[in-house]
Amino acid sequence: MSMNDPLTQAQAMAALAGQSGSNTQNPFMCISADRVLDTALDVRELPNVVLNYNDLYPTGLISPFTFNGVVALNNEPNLRNVLYKNDANDATQLRVSLDVDIPVRIFLSDANGRPGTARATLTLHHDFLMDKPNQSIFPFRFEAMAAAGSSSGTFDNAGRLTVSLFAVVLIKMVVSALVRAFTDGYCTPCPIRSTSATGGTKFLNLPFYPDAKIDCEPVKDC
């Protein structure tokens with residue numbers, strides 16, 4: 001069969017079936033990843049929180065508004081005013097202080113029952129302890145994941161929403177690192193279309209990814 005001969009999907013999948021096989025040349029792989037050094041989880045019930053909302057959509061919504069719900073826009077909030085220092089009572093701990101800004105989307109209906117949305121920011125202050133990591137060349141940093149939601153709230157006529165909600169914030173102390181991990185090979189992507197493949201077996205028999213050595217060696221001259 002030449003490189004230009006068409007393949008049926010069954011033939012193409014059979015040719016690709018070996019792509020996730022074991023890595024016999026080198027069972028280890030360097031993976032660029034964020035290592036989590038410590039975490040802090042905060043779950044709060046927040047009654048009567050006042051949110052200043054904006055970005056009403058669509059245009060032309062007529063007040064008064066009826067509250068339908070609020071959810072976090074994403075799970076990656078912004079961290080501000082990050083401060084940390086050694087804890088006065090325990091040398092193995094860091095006292096961390098920071099503000100977490102969680103963008104939220106508000107669901108509402110206007111005076112005519114027309115559905116719409118608005119945006120606001122929920123800000124939470126945190127003060128907590130974390131394990132103190134060893135000194136290193138590459139510094140650690142703080143990241144967070146967050147979720148928030150509510151089904152109870154009231155609008156006023158001044159662009160404010162008073163809402164009672166739940167908020168979950170996971171704060172992580174992380175450092176970017178190259179991790180040496182044992183592997184049995186690469187993952188094989190699953191097909192997303194059930195169409196006939198064209199091409200040849202020589203092309204489809206190529207590996208998805210090149211082999212790479214873990215040990216550092218001098219670069220050879222071309």
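When the side chain to side chain contact (heavy atoms under 4.5 Å, CB included) test is applied to Asn157, no partner is found at least two apart in sequence or on another chain.
Sorted by first and then second residue, the side chain to side chain donor-acceptor pair (under 3.5 Å) pairs involving residues 162-178 (not counting sequence neighbours) are Asp34-Ser176, Arg141-Ser176.
Separation of the Tyr84 and Phe142 ring centroids falls under the 6.0 Å cut-off.
For Thr123 and Asp101, the side-chain atoms include at least one donor-acceptor pair closer than 3.5 Å.
Asp87 is listed as a side-chain neighbour of Leu129, based on a closest heavy-atom distance under 4.5 Å. The closest side-chain heavy-atom distance from Val163 to Val50 is not below 4.5 Å. With a 4.5 Å cut-off on side-chain heavy atoms, Asn54 and Arg119 count as touching. Within the 4.5 Å cutoff, no side-chain heavy atoms of Asn78 are placed close to those of Val100. A 4.5 Å side-chain heavy-atom check between Val49 and Leu122 finds at least one atom pair inside the cut-off.
Heavy-atom minimum distance, Ala181 versus Ile31: CB-CD1, 3.8 Å. Across every non-hydrogen atom of Tyr53 and Ala120, the tightest pair is CA-CB, 4.1 Å.
Under a cut-off of 6.0 angstrom, the local environment of OH in Tyr57 is sparse, with at most 12 non-hydrogen atoms contributed by other residues, nucleotides or ligands. At most 12 heavy atoms of other shown residues, nucleotides or ligands fall within 6.0 angstrom of atom CZ in Arg35.
Residue His126 is tested with Leu79, Val96, Ile171 for a side-chain contact (heavy atoms from CB on, under 4.5 Å); the sole match is Ile171.
Contact check on Asp156 versus Arg160 returns a salt bridge, with a Lys/Arg side-chain nitrogen under 4.0 Å from an Asp/Glu carboxylate oxygen.
By the 30° and 60° cut-offs, the orientation of the rings of Phe182 relative to Phe28 is perpendicular.
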